[in-house]
Amino acid sequence: MTDTPRWFQTTAIDYPNSRPHIGTAFEKLGADVQARYRRMEGYDVFFLMGNDENTVKVSKRASELGQEPQAYCDDMARQFREVWDALDISYDTFVQTSHERHKQCARAFIQKVHDAGYIYKGSYEGWYCDGCESFKTEKELEGGNCPIHKRPVIRRSEPCHFFKLSAFSDRLLAYYDENPDFIQPESRRNEIISLIKNDGLLDVNITRRGEAWGISVPFDPEFTIWVWFDALLTYITGIGYGDDRATFDKYWPADTHFIGKDITRFHCALWPAMLWAAGEQPPKKVFGHGFVNFEGKIGKSRTEELKARGLDYLLEPMEIVRRFSAEAFRYYFLRECPYPGDGDFSPDRFMEVYNSELANNLGNLFSREMTITWKSFGGVFDGTTGTIPESVVPGLDLATFVADVRGHVEACRYNLALQAIVQDFLTPTNQYLEKNAPWKLVKTDKAAAKRVLFNAVQSLRVASILLKPFIPRSAETIYTSFNFPTPWAEVKYADAAVLKALPEDLRITAELLDGKPPPLFPRIG
RNA sequence: GGCGGGGUAGCUCAGAGGUUAGAGCAGUCGCUUCAUAAGCGACGGGUCGCCGGUUCAAUUCCGGCCCCCGCUACCA
């Protein structure tokens, strides 16, 4: 019996006090590509997402709207999932931290950390605003005043429970040292290391007092669990921590936590320490992706400007999907924004990338190959059973090329993976057609023309396999337009690395209208 | 302030001590018509942020300066 490798990954869980935007979507997309790729490669994948609901902001937002916090959270969760579904994000579970199961498991965890002696009672002193009824950080203050109520804050201390984060400094540094890939990309890793080395880690207050909304602390019910301590636990409560040890043991430790670069500290320092304190293993990798700006920056004036230009719909993911497609949305961000770094979204660029690469390059290549094949050969390559296709890209070693793309995908360099597929493979295929002109050749040497098309169709097969994690629907449409022997659900990257003979004559299996397929990516603009 | 990253063609970026500094996109001009007015080919003379230094030679090495960005503990 063979052991299927498993792959457990998560995205950050989102605050549901506003709808998801293109930035939050960017994170899910990058994670989704990885999940889809790993599934293709035979991993037993579990992909966890969720919403972070036990925060004061959420209960405030709910009361502003005259709703109960729970009803508000459930509705927002529905809205988030609607967006993720529209974008074809292939998550396996969606955790809401306000749900009882999560709360029970979180309590079990904090109790364990407490029993292990890593939580102690103390008092937190800070700047308190009476209006907000909450503490303010130094950074938030504006000349000693509360930024919301514009009046002085007061020094106040109140009892709380601390987590002994400081006890884990050396162990964390050792872990980073022994696991150089733990924090990706490297720039984030360097930041965290220098942070711990230079400033050290302080114990952290992990409770809040007198909040009605949140998870009560089992050993001191007057308190609730601070949102971050609670939120991070989603990653384990979602796979059975606390009530399903078998499932938990199957998937933990996580292979990758996909997060925004701004919250690496919580994931790279606090989170492993929490797990150690509870006797569990730390995650294997944390990937801090970049941000997406809108035409350089985003701001209120920008929103107004976009409205004036009639483009404000581009701020709403659902609208982009509705007007174009999920595939167009996915492709733009994955192609144009480097996942490890920051990217930019602009309407002009969106159309350029879409038209140039999806419509003109890939879509048109598909279209022209289908049409000539249909016109000249009735969609069937007679007598090609057992024929091994020839390479159409001069100087390209297919196995090496696929290995390069694979390397980019595994390192989350999605933009480079797509760049390679388009520039090093699809464009040369168009050049091959141009050079051999089967539409002319068919008049003089039909067999030769057939051979050229037969070879070129292999590029569609290879490209669709490589593109499967990125644009799953279009890739499937391309692949299943022919009778390639391996079922779509079973294709692997390795299948793209070789040109093999077919067990039967290659032919078009797609439904055509007037000998043409409907445009895969209709041009826009 | 400290630590880190960066300033290269209109845009996004790659690059390396040394013949004419590269790619994609956009733009211009041809060819073509199988195809989604798609495809293919040609055309880029850009002080490689500024000022010095090392060197036979620097955009690539060193120093200084200017500008941008990230982190600097509880905000996505």
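We name chains A, B, ... by the order of the sequence lines, and we start the count at 1 in each one.
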> Could you write nucleotides 1-6 of chain B as a row of B, S and -, 5' to 3', where a protein heavy atom under 4.0 Å of any base atom gives B, of only sugar-phosphate atoms gives S, and otherwise -?
Replying inline: ------
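- The separation between A:R188 atom CZ and B:A73 atom P is 16 Å, rounded to whole Å.
- None of A:F521, A:Y354, A:F345 except one satisfies the ring-ring contact (aromatic ring centres under 6.0 Å, His included) rule with A:Y332; the exception is A:F345.
- Across all strands shown, A:T427 has heavy atoms under 4.0 Å from sugar-phosphate atoms exclusively, and none from any base.
- In this structure, A:N360 reaches the sugar-phosphate backbone alone: every heavy-atom distance under 4.0 Å involves primed, P, OP1 or OP2 atoms, never a base.
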> For A:H267 and A:Y235, what are the C-alpha separation, side-chain angles and deciding distance, and is it a ring-ring contact (aromatic ring centres under 6.0 Å, His included)?
Replying inline: CA-CA 11 Å; A:H267 288 76; A:Y235 302 142; 5.5 Å; yes
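- For A:F324 and A:F350, the distance between ring centers is under 6.0 angstrom.
- Taking the six-membered ring for Trp and thresholds of 30 and 60 degrees, A:F287 and A:F258 have ring planes inclined between 30 and 60 degrees apart.
- In this pair, A:W84 and A:F80 present their aromatic rings perpendicular. The plane angle is above 60°, beyond the 30 to 60° band.
- With B:C74, B:G41, B:G39 as the candidates, the nucleotide lying closest to the side chain of A:N430 is B:G39.
- Looking at which nucleotide of RNA chain B each of A:T24 and A:L433 is closest to, the 5′-most match is held by A:L433.
- Residues A:S123 and A:C160 approach most closely at C-SG, 4.0 Å, considering heavy atoms.
- Between atom OH of residue A:Y339 and atom OH of residue A:Y414 there is a gap of 6.0 Å, rounded to the nearest 0.5 Å.
- Spacing between atom CD1 of A:I524 and atom P of B:U36 amounts to 18 Å, rounded to whole angstrom units.
- A:K435 comes within 4.0 angstrom of nothing in the nucleic acid, heavy atoms only.
- The distance between the ring centers of A:W276 and A:Y175 falls below 6.0 angstrom.
- Heavy-atom nearest nucleotides on RNA chain B were determined for A:T371 and for A:G200, and the one closer to the 5' end corresponds to A:T371.
- For RNA chain B, each stem of at least three Watson-Crick or G-U pairs (distances under 3.5 Å) is given as range with range: B:1-7 with B:66-72, B:10-13 with B:22-25, B:27-31 with B:39-43, B:49-53 with B:61-65.
- At a threshold of 4.0 angstrom between heavy atoms, the contacts of A:F521 include nucleobase atoms, whether or not backbone atoms are also involved.
- When heavy atoms are screened at a 4.0 angstrom cut-off, A:I192 is found touching no nucleic acid atom at all.
- Base contact: A:L201 has a heavy atom under 4.0 Å from a base atom.
- Heavy atoms of A:G363 sit under 4.0 angstrom from at least one base atom.
- Atom-to-atom distance recorded for A:S367:OG and A:I372:CD1 is 9.5 Å, nearest 0.5 angstrom.
- Following rounding to the nearest Å, A:L365 (CG) and B:G39 (P) show an atom-to-atom distance of 11 Å.
- Taking all atoms of both residues into account, the shortest heavy-atom contact from A:S481 to A:F366 is OG-CZ, 3.5 Å.
- Within residues 346-354 of chain A, the residues that have a heavy atom under 4.0 Å from RNA chain B are, in order of number, A:R349, A:E352.
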